[in-house]
K.L.:
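First, the structure itself, so that you have it in front of you.
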Amino acid sequence: MSVQRNTNMLKNFFKLVLKSVRHRPVRSWLTIFGIVIGIMLVVIILSLGNGIKNTIKGTLQAFGSDSIIILPGKESNPLLGVLGGQKFKERDLMNLEQIEGVKFVAPMDFGMANVEYRGEKKAVLLHAANWKNYVQAMESVQGIKLEEGQWPKDEITGRAVLGYVTTRDLFQKRVAVGDEIIIKSKRFIVSGTMSKIGEQMVDSVIFISLDLFRELTGSRSGASSAFVKIETGAPIDIIAKQIRYQLSQQEVVRDFTLLTPEKAGRLAGSVVSIVELVLIVVALISLVVGAVGIMNTMYTSVLERTKQIGVMKAIGASSDAILSLFLIESGLIGLVGGILGIIFGVLVAYLIGLIAGSFGIRGLFSLASLDFFGFAVILIITFITGVISGALPARRAAQMEPAEALRYE
């Protein structure tokens with residue numbers, strides 16, 4: 001009998017809660033929305049975190065386990081050195097070939113330039129290197145090959161190789177092998193087109209020789225990065241230490257980074273972890289803001305329902321029952337916010353995965369990677385947050401005297 005009475009009481013509580021929410025839908029949904037935003041951010045990063053890590057690792061693995069990439073700048077932020085325009089002397093980079101176990105070194109440079117094709121002009125990223133070593137570097141990378149045409153045979157003839165996206169999507173008409181393009185007033189013939197790699201930045205560039213790049217940009221020497229190929233079976237960690245020591249003797253670039261496959265994987269994981277941490281902090285702030293919103297909503301609800309509370313107490317409702325009623329209401333607001341945050345977060349992650357897939361980045365989102373245990377924890381947290389936020393307003397409602405509540409205007 002006691003169990004049935006408690007069950008009936010809970011049903012009545014839920015009916016009253018739903019009636020209260022329907023009575024002030026705008027305020028209730030705005031309060032819920034504050035919870036949804038924070039939870040949605042957490043769910044997006046939970047849904048995409050593994051996919052991002054796997055995608056980055058897959059990209060790095062494409063360069064093989066026997067290669068090292070040299071970049072200017074500190075290891076904590078190597079791209080800052082590249083974007084800052086720091087450049088190595090080409091001679092210092094090529095001297096690395098004297099280290100035992102180094103197969104070849106391909107100095108590289110890049111820069112933006114206006115490219116014209118059939119009267120249409122676009123800004124394109126140029127990627128430059130000496131063709132002899134560059135072809136070896138590209139062909140040593142898994143999945144990178146020419147789709148049509150051939151690699152240029154010399155460094156001075158105006159020949160260019162176009163990335164997959166550059167060929168198809170950059171201009172209104174598709175660029176074909178043998179077509180002429182103009183890069184900074186110099187005519188180039190398209191010697192070849194790349195197959196699809198799946199990396200937007202690589203697929204959207206134009207490859208030219210380092211000599212022609214320097215002629216176009218006016219730079220006399222230098223390289224912003226280098227690709228180092230290691231002999232099969234050679235100890236890459238020991239060679240990396242020798243490269244680091246030898247480069248430390250040059251005086252042009254004081255801070256530089258050597259990205260071995262293992263270090264690049266750790267760096268990628270660290271970057272993703274930092275992004276996760278930032279989003280979680282933002283989500284927690286949103287959750288706190290949502291909790292304040294719930295508390296404000298519940299205080300307003302207590303004032304609006306003062307007479308109702310007085311009537312309930314007058315017909316025998318206990319203080320504990322009034323307390324439970326408002327705690328359930330605030331808890332449900334938090335729970336609904338959590339449920340909607342999870343739903344919208346998964347949908348947004350799915351859309352991000354679709355968009356990334358259209359750019360050739362596969363496997364960013366997967367239903368198998370969803371953390372349902374994490375989602376359950378989120379729902380528990382949002383419910384508890386709602387209950388805690390509603391504790392003070394609920395206590396105020398429970399302590400009301402029936403006579404005073406009935407006289408409230």
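Numbering starts at 1 and runs along the sequence shown.
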K.L.:
With side chain to side chain contact (heavy atoms under 4.5 Å, CB included) as the test, would you mind laying out the steps for S225 and F256 before giving the verdict?
P.N.:
CA-CA 10 Å; S225 60; F256 56 87; over 6 Å; no
K.L.:
To the closest 0.5 Å, what do you measure between CG (L340) and CD1 (I39)?
P.N.:
11.0 Å
K.L.:
By the definition side chain to side chain contact (heavy atoms under 4.5 Å, CB included), identify the one residue from I206, V175, T167 that meets it with V190.
P.N.:
V175
K.L.:
Looking at every non-hydrogen atom in both residues, tell me the closest pair between I44 and G345 and how far apart they are.
P.N.:
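Looks like CG1-O, 3.5 Å.
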K.L.:
Can you confirm whether F207 sits close enough to S191 that some side-chain heavy atom of one is under 4.5 Å from a side-chain heavy atom of the other?
P.N.:
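No; the side chains remain at least 4.5 Å from each other.
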K.L.:
Would you please name every residue forming a ring-ring contact (aromatic ring centres under 6.0 Å, His included) with F373, sequence neighbours left out?
P.N.:
none
K.L.:
Got a donor-acceptor contact below 3.5 angstrom from the T157 side chain to the D154 backbone?
P.N.:
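No, the answer is negative, given that no donor and acceptor are paired below the 3.5 Å cut-off.
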K.L.:
Would you say M108 and S224 make side-chain contact, with heavy atoms under 4.5 Å?
P.N.:
no
K.L.:
Can you see which heavy atom on S47 is nearest to which on V346, and at what distance?
P.N.:
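Scanning both residues completely, I find the closest heavy atoms to be OG-CG2, 4.4 Å.
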K.L.:
Heavy atoms only: give me the nearest G338-I35 pair and the separation to one decimal.
P.N.:
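Looking at all heavy atoms of both residues, the closest pair is N-CG2, 3.9 Å.
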K.L.:
Among residues two or more places apart or on two chains, list those pairs meeting ring pair (Phe, Tyr, Trp, His ring centres under 6.0 Å) that have a residue in residues 152-178.
P.N.:
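Ring pair (Phe, Tyr, Trp, His ring centres under 6.0 Å) check on residues 152-178 returns Y117-F171.
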K.L.:
Going by heavy atoms in the side chains, are V348 and M40 under 4.5 Å from each other?
P.N.:
yes
K.L.:
R159: what forms a salt bridge (charged side-chain N to carboxylate O under 4.0 Å, His left out) with it, not counting sequence neighbours?
P.N.:
none
K.L.:
Output all residues satisfying ring-ring contact (aromatic ring centres under 6.0 Å, His included) with F188, sequence neighbours left out; order by chain, then residue number.
P.N.:
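Listed in chain order: nothing, the list is empty.
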K.L.:
Partners of R118 by salt bridge (charged side-chain N to carboxylate O under 4.0 Å, His left out), sequence neighbours excluded?
P.N.:
none
K.L.:
The criterion is side chain to side chain contact (heavy atoms under 4.5 Å, CB included); which residues satisfy it with Q246, sequence neighbours excluded?
P.N.:
N95, L96, I99
K.L.:
What residues, two or more places apart in sequence or in another chain, satisfy side chain to side chain contact (heavy atoms under 4.5 Å, CB included) together with K89?
P.N.:
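K89 satisfies side chain to side chain contact (heavy atoms under 4.5 Å, CB included) with R91, D92, V252 only.
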K.L.:
What pairs with A234 under side chain to side chain contact (heavy atoms under 4.5 Å, CB included), at least two apart in sequence or on another chain?
P.N.:
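In terms of side chain to side chain contact (heavy atoms under 4.5 Å, CB included), with neighbours along the sequence ignored, A234 is linked to I230, E231, I239.
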K.L.:
What distance do D255 atom CG and S248 atom OG have between them, rounded to the nearest 0.5 Å?
P.N.:
12.0 Å
K.L.:
Considering residues at least two apart in sequence or located in another chain, which fulfil the salt bridge (charged side-chain N to carboxylate O under 4.0 Å, His left out) criterion with E215?
P.N.:
K186
K.L.:
Are M94 and F88 side-chain neighbours, meaning at least one heavy-atom pair lies under 4.5 Å?
P.N.:
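No, too far: nothing below the 4.5 Å cut-off.
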K.L.:
When rounded to the nearest 0.5 angstrom, what distance separates CD1 in I69 from CZ in F227?
P.N.:
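Between I69 CD1 and F227 CZ, I get 6.5 Å after rounding to 0.5 Å.
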K.L.:
Below 4.0 angstrom, N of the basic side chain to O of the carboxylate: do R168 and E147 qualify?
P.N.:
yes
K.L.:
Please check if the number of heavy atoms outside L351 that lie under 6.0 Å from its CG is greater than 12.
P.N.:
yes
K.L.:
Does atom CD of E100 have more than 12 heavy-atom neighbours, drawn from other residues, nucleotides or ligands, at distances under 6.0 Å?
P.N.:
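Open.
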K.L.:
Decide yes or no for E148 and V177: does some side-chain heavy atom of the first lie under 4.5 Å from some side-chain heavy atom of the second?
P.N.:
yes
K.L.:
Checking the side chain of S67 only, and the main-chain atoms of V228 only, is there a donor and an acceptor separated by less than 3.5 Å?
P.N.:
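Answer holds: no.
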K.L.:
Below 30° counts as parallel, above 60° as perpendicular, anything between as tilted: where do the rings of W151 and W131 land?
P.N.:
tilted
K.L.:
Between the side chain of E155 and the main-chain N/O of N130, is any donor-acceptor distance below 3.5 Å?
P.N.:
no
K.L.:
Considering only NZ, NE, NH1 and NH2 on the basic side and carboxylate oxygens on the acidic side, decide whether R214 and E90 come within less than 4.0 Å.
P.N.:
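Salt bridge present between R214 and E90.
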K.L.:
Measuring from D211:CG to I156:CD1, what's the distance to the nearest 0.5 Å?
P.N.:
8.5 Å
K.L.:
Under a 4.5 Å cut-off applied to non-hydrogen side-chain atoms, are I182 and V115 in contact?
P.N.:
no
K.L.:
Residues two or more places apart in sequence or in another chain: which of them pass salt bridge (charged side-chain N to carboxylate O under 4.0 Å, His left out) with K122?
P.N.:
E120
K.L.:
Donor-acceptor pairs under 3.5 Å, side chain of residues 382-393 to any protein atom, not counting sequence neighbours: which ones?
P.N.:
{"unit_1": "T382", "atom_1": "OG1", "unit_2": "G334", "atom_2": "O", "d": "3.4"}
{"unit_1": "T382", "atom_1": "OG1", "unit_2": "I378", "atom_2": "O", "d": "3.1"}
{"unit_1": "T382", "atom_1": "OG1", "unit_2": "L379", "atom_2": "O", "d": "2.9"}
{"unit_1": "T385", "atom_1": "OG1", "unit_2": "I381", "atom_2": "O", "d": "2.7"}
{"unit_1": "S389", "atom_1": "OG", "unit_2": "A291", "atom_2": "O", "d": "3.3"}
{"unit_1": "S389", "atom_1": "OG", "unit_2": "T385", "atom_2": "O", "d": "2.7"}

K.L.:
If you round to the nearest 0.5 Å, how far is CG of L332 from CD1 of I339?
P.N.:
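Spacing of CD1 (I339) from CG (L332) equals 9.0 Å.
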K.L.:
Over all heavy atoms of both residues, which pair between S209 and A128 is shortest? Give the atoms and the distance, please.
P.N.:
O-CB, 3.9 Å
K.L.:
Evaluate the side-chain proximity of L216 to I208: yes if any heavy-atom separation is below 4.5 Å, no if none is.
P.N.:
yes
K.L.:
Can you confirm whether L146 sits close enough to M194 that some side-chain heavy atom of one is under 4.5 Å from a side-chain heavy atom of the other?
P.N.:
yes
K.L.:
I need the K229 NZ to E97 CD distance, nearest 0.5 Å.
P.N.:
14.0 Å
K.L.:
For R396, what residues pass the side chain to side chain contact (heavy atoms under 4.5 Å, CB included) criterion, not counting sequence neighbours?
P.N.:
Y299, L303
